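Given the structure is predicted, the values throughout are model-derived calculations rather than measurements. Each chain gets a letter, A, B and so on, in the order its sequence line appears, and its residues count up from 1. Keep in mind that the numbers below use all heavy atoms, side chains included, and drop hydrogens, waters and symmetry copies.
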Amino acid sequence: MRRRQTRTVLIAVLVFFLIFIQLPFARPFRDGLRRFVGVPSKAWLAFDNRLRLAGSVLFTINDLAKENSNLQQQQTSLQAQIAQLQAVKGENEQLRKDLNFSQANRQFTLLPAEVIGFSPTGLQQSFTINRGSRDGLKENQAVVSSGFLVGKVKNVSTATAEVWLLTNRDLLTPVTLAGSQVVGILHGSIRGLVLENIPLDTKVTPGELTVTSALEGLYPAGIAVGTVEEIISAKEEIFLTLRISSPISLSSLTTVFVITNQ
Amino acid sequence: MIIAQVVILLIAVPLSVGPFGRLALSHGGGVDLLLIAAWLFAWFFDREAALRWAVMAGLAIDLLNFGYFGLSTFILITGVLMTDYLRKRFLEGSSIIQAITTLFLFLIMSYAIRGLFFHNYSWSGLGASIFANLLVGFLLYYLLVFRFRLFLRWQGRRI
């Protein structure tokens, strides 16, 4: 009897908590929790990066051993150094690209943000950043990395925000083909990033650059999105469907920029 | 048991929203540590311990992520109840095939519910994700049962 009462009280507390946590004044608590978990999460991510680098070094060592066993030890340390330098170089290159993008687009105010968390299943196609409404973030602001569009801010809390990636099927992005200036709708799909609603008579060449369109006022015009990979629509369809490839690797994103004055 | 679960939670949650989450994002799915842990608690321990884990882990993910609040908790609780029901009513507690089948059903249920809310499934990603989860589940089951003899200790019989 007593156990049943305890259980009822626990369930009541849980229900109360679930309701309480939805209210706006509970946001700082959730933000704090996200940032708190973001610290060990980032440490795990850094450890994961080191593991990957170590793995790549080991494979390289294997090849080198076949070619020249006498230099193996020296190569090992050099490769380890190269791997470390490559990681720094990669980060440097990304920051340089971001800086170039910032200088080339002075009309945009870019706010740097760190990626602090992902969803465990990957089905949400989104990640959490360490910036929120107190930093000037609003819903629908564009998020870029290395000058390319990555996604948009979907949900904003006080100190954190959720970014929906271009690969999200529910995110529809108006995109212009740079060559023909035809506008289509980009979204994620089972076939990767696809650009739909392109008129049949449009001349499309693989490798053609695609940029954001100001249509619907969602994004500033002219931000690079990716390049046309191939036409994937069937002959009988009344519109062309294109597969778009983005040079941005989602798995390596650690820092992104939010355009706060679009 | 509660302390052990809290310690596991403190390790598993940052891993889930960190490297495993990143892997899942780029590959359309990955290993769901919290789900596997819920299945293990339901299979090897009692329903109460598994439900406690489901509430703790589910709430942690719901609080950390944006989107539909309560969805992760609901999925984990439903999965635990399903696993417990299958273990008690139909299946043999010490059968690895039946344990893995239950994990498979748990995964299918999880992806089906999430798929209704988030439309980002990809068949290849789902297939790889289910396979990876089953593999990790199998290895953990093997370690717990064959190496650490958990069944021998708790159920008084061997496989």
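- For B:Trp39 and B:Phe106, the gap between ring centers reaches or exceeds 6.0 Å.
- Within the 4.5 angstrom heavy-atom criterion, no atom of A:Ser249 approaches chain B.
- For the pair B:Ser129 and B:Tyr111, the minimum side-chain heavy-atom distance is below 4.5 Å.
- Between A:Phe118 and B:Phe20, the ring center distance fails the sub-6.0 Å criterion.
- Heavy-atom distances place no part of B:Leu35 under 4.5 Å from chain A, backbone and side chain included.
- When each of A:Ile116, A:Asn155, A:Leu123 is scored by its heavy-atom pairs under 4.5 Å with chain B, the top score falls to A:Leu123.
- Heavy atoms closer than 4.5 Å to chain B are found nowhere in A:Leu10, neither backbone nor side chain.
- Residue B:Leu64 touches chain A through both its backbone and its side chain, counting heavy-atom pairs closer than 4.5 Å.
- Of all residues in residues 241-248 of chain A, none places a non-hydrogen atom less than 4.5 angstrom from a non-hydrogen atom of chain B.
- Of the possible donor and acceptor atoms, none in the side chain of A:Arg134 sits under 3.5 Å from a partner among the backbone N and O of A:Ala159.
- Counting non-hydrogen atoms of neighbouring residues, nucleotides and ligands closer than 6.0 angstrom, the CD1 atom of B:Ile97 reaches no more than 12 such neighbours.
- With a threshold of 4.5 angstrom between heavy atoms, B:Leu10 does not approach chain A through any atom at all.
- Proximity to chain B (any heavy atom under 4.5 Å) is restricted, for A:Ser126, to the backbone atoms N, CA, C and O.
- Only one option out of B:Val80, B:Asp84, B:Ile8, B:Ile36 pairs with B:Phe41 in a side chain to side chain contact (heavy atoms under 4.5 Å, CB included); it is B:Ile8.
- Using a 4.5 Å cut-off between heavy atoms, A:Ala43 makes no contact with chain B at all.
- At a 4.5 Å heavy-atom cutoff, the contact between A:Thr128 and chain B is made by side-chain atoms alone.
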